[in-house]
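Quick notes on the structure that follows.
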Amino acid sequence: MRASFRLGRIAGVPVGVNWSVLVIFLLIAWALSASQFPRAYPGHSVVAYVAAGLAAAVVFFLGLLAHEVAHAVVAKRNGIEVEGITLWLFGGVSELKGEARDPGAELRIAGVGPLVSLIIGLFFGAIAALLALAGVHGLLLGSLSWLAGINVLLAVFNVLPAAPLDGGRLLRAAVWKATGDRTRASVVAARAGWVLGALLIGLGLWQFLAGSGVGGLWLALIGWFLIGAAGMEERQARMGSALRGIRVAEVMTPQPQTASGEMTVADFVDHYLFAYRHSALPLTEEGRPVGLVTLDRVRGIAPDRRAATTLAEVSCRAEELVLANPDEQLTDLLPRLSQCADGRALVVADQRLVGIVSPSDISRAVQRGSMREQMTAGRS
């Protein structure tokens, strides 16, 4: 999930926000200020309800951020690089560069997020209880109570034993510890995620048909997301098993054809596209990668505009490039590659482009890895 804009760094980790956060932020603020707070605490002005709803929504997202920062900090302490944190429609995601080295590290990284959410919920709950004992009522108490409840609910939901939730990571750590097989553990957690997603879709549709309205559809949407994410995790787990031990340098296309960002799209189509039959072309400056142009991006430019449009204008921006080291394990690159809209990684050594990894390179490596596994299983 790509960030639409960056907020800065927390604990040395870049933090960004995707535009989809605005959707859920406005829904939460609207539901609180237009429905829940006026119904539970009548007699206040519209401005007071709106202010309370907006404040509660902001603090809620700060809690989500704390949840993801906790994952990132513990991951770094366990030797895993963190590329960034992105808040989006369904919460947040920490982009880890690599996997936990053992079940214990997996347990620590996955468990700290729900623990932080639980602590936040108990913190707001304790403040709300003290205010109630002191005789304080109204919007302040309502906001604190809602924050307490939503953070505890978030913690409970996240520990459900199903990928891609934190509970799925905990389940994977347990199965991994019991069997010693990381791939099998990942598949078990992913299939549990598929089951949970199907249950949520069924429950959501039932609630919608029973008259609960948008709430049921939202539950079904979460279930649909879980099924898609769980399926992706299972595919990545099986692919990772086939590719384990293979370095990026072994699968990359070395010394790819490159071009300058100043070249026009028309020149690219006339002199590069058909001459070299490449579907992707890295852009470089003095050997350093600065962009990536793909056939799909070129197709989006109308023919009458191609002569006046440079490759730099249509390329993947430098900050969006997926970069890899030749000696990096291919399994560490896969999670980053799946998040790239162009599906390719540029291989860099000493800041100079030395290769490119494409989906076809990965497919060939998977085939070789699968054949190797079959031969090994046959000999045993």
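The chain is numbered in sequence order, starting from 1.
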Hey, are the side chains of [X] and [Y] touching, using non-hydrogen atoms and a 4.5 Å cut-off?
X	Y	answer
Ile227	Ile201	yes
Val251	Leu330	yes
Pro161	Leu170	no
Leu346	Val322	no
Gln255	Leu353	no
Ile109	Ile80	yes
Val290	Thr284	no
Leu87	Asn18	no

Under a 4.5 Å side-chain heavy-atom rule over Ile, Leu, Val, Met, Phe, Trp and Tyr, are [X] and [Y] clustered together?
X	Y	value
Leu333	Leu243	yes
Val116	Leu62	yes
Phe25	Trp88	yes
Ile24	Ile120	yes
Val59	Leu22	yes

Which pair of non-hydrogen atoms, one from [X] and one from [Y], has the smallest distance, and what is that distance?
X	Y	answer
Gly261	Leu283	CA-CD1, 3.9 Å
Ala128	Leu144	CB-CB, 4.0 Å
Pro289	Val348	CG-CG2, 3.7 Å
Ala29	Leu54	CB-CD2, 3.8 Å
Ala155	Pro114	CB-O, 3.4 Å
Leu154	Ser117	CD2-OG, 3.6 Å

Report the residues that fulfil salt bridge (charged side-chain N to carboxylate O under 4.0 Å, His left out) with [X], sequence neighbours left out, ordered by chain and then residue number.
X	value
Arg39	none
Glu250	Arg247
Arg344	none
Glu99	Arg182

Which residues share a side chain to side chain donor-acceptor pair (under 3.5 Å) with Arg172, sequence neighbours left out: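 Arg172: side chain to side chain donor-acceptor pair (under 3.5 Å) contacts with Glu106, Ser186.
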Residues two or more places apart in sequence or in another chain: which of them pass side chain to side chain donor-acceptor pair (under 3.5 Å) with Asn151?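 So Asn151 forms no side chain to side chain donor-acceptor pair (under 3.5 Å) with any residue.
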Apart from Ile119 itself, what residues make up its hydrophobic cluster, given side-chain heavy atom links below 4.5 Å?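 Its cluster partners, ordered by chain and number, are Leu115.
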From CA spacing to verdict: side-chain contact (heavy atoms from CB on, under 4.5 Å), Asn158, His67: CA-CA 11 Å; Asn158 267 284; His67 178 117; 4.1 Å; yes
Check against side-chain contact (heavy atoms from CB on, under 4.5 Å), Leu311 and Glu262: CA-CA 6 Å; Leu311 294 183; Glu262 298 178 358; over 6 Å; no
Measuring from atom [atom1] of [X] to atom [atom2] of [Y], what distance do you get when rounded to the nearest 0.5 angstrom?
X	Y	atom1	atom2	answer
Phe208	Leu217	CZ	CG	4.5 Å
Arg9	Ile85	CZ	CD1	11.0 Å
Leu205	Leu219	CG	CG	9.0 Å
Leu221	Leu200	CG	CG	11.0 Å
Leu203	Ile222	CG	CD1	11.0 Å
Leu147	Leu32	CG	CG	8.5 Å

For Val152, side chain to side chain contact (heavy atoms under 4.5 Å, CB included) partners two or more places apart: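 If we apply the side chain to side chain contact (heavy atoms under 4.5 Å, CB included) test to Val152, skipping adjacent residues, the hits are Leu118, Val156.
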Checking Ile10 now: which residues fulfil side chain to side chain contact (heavy atoms under 4.5 Å, CB included) with it, not counting sequence neighbours?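 With neighbours one apart ignored, the set is Val15, Leu65, Val69.
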For the pair [X] (side chain) and [Y] (backbone), establish whether a donor and an acceptor sit closer than 3.5 Å, ignoring hydrogens and angles.
X	Y	answer
Asn325	Asp327	yes
Asp361	Ser358	yes
Lys76	His71	no
Glu313	Thr310	yes
Thr253	Pro256	no
Asn78	Val74	yes
Thr86	Val93	no

Got a sec, which residues hit ring pair (Phe, Tyr, Trp, His ring centres under 6.0 Å) with [X], two or more places apart in sequence or on another chain?
X	result
His44	Tyr49
Phe123	none
Phe60	Trp146

Decide side-chain contact (heavy atoms from CB on, under 4.5 Å) for Ser143 and Phe37; before the verdict, give the C-alpha distance in whole Å, the side-chain angles of both, and the deciding distance to 0.1 Å. CA-CA 8 Å; Ser143 298; Phe37 287 166; 3.6 Å; yes
Under 4.0 Å between a side-chain nitrogen and a carboxylate oxygen: does that hold for Arg169 and Glu233?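 Glu233 and Arg169: salt-bridged.
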Would you say the side-chain atoms of Thr294 and Asp296 include a donor-acceptor pair closer than 3.5 Å?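 No pair is found: no donor N or O on one side chain lies under 3.5 Å from an acceptor on the other.
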Yes or no on side-chain contact (heavy atoms from CB on, under 4.5 Å) for Ser315 and Val293, after CA distance, side-chain angles and deciding distance? CA-CA 5 Å; Ser315 71; Val293 172; 3.6 Å; yes
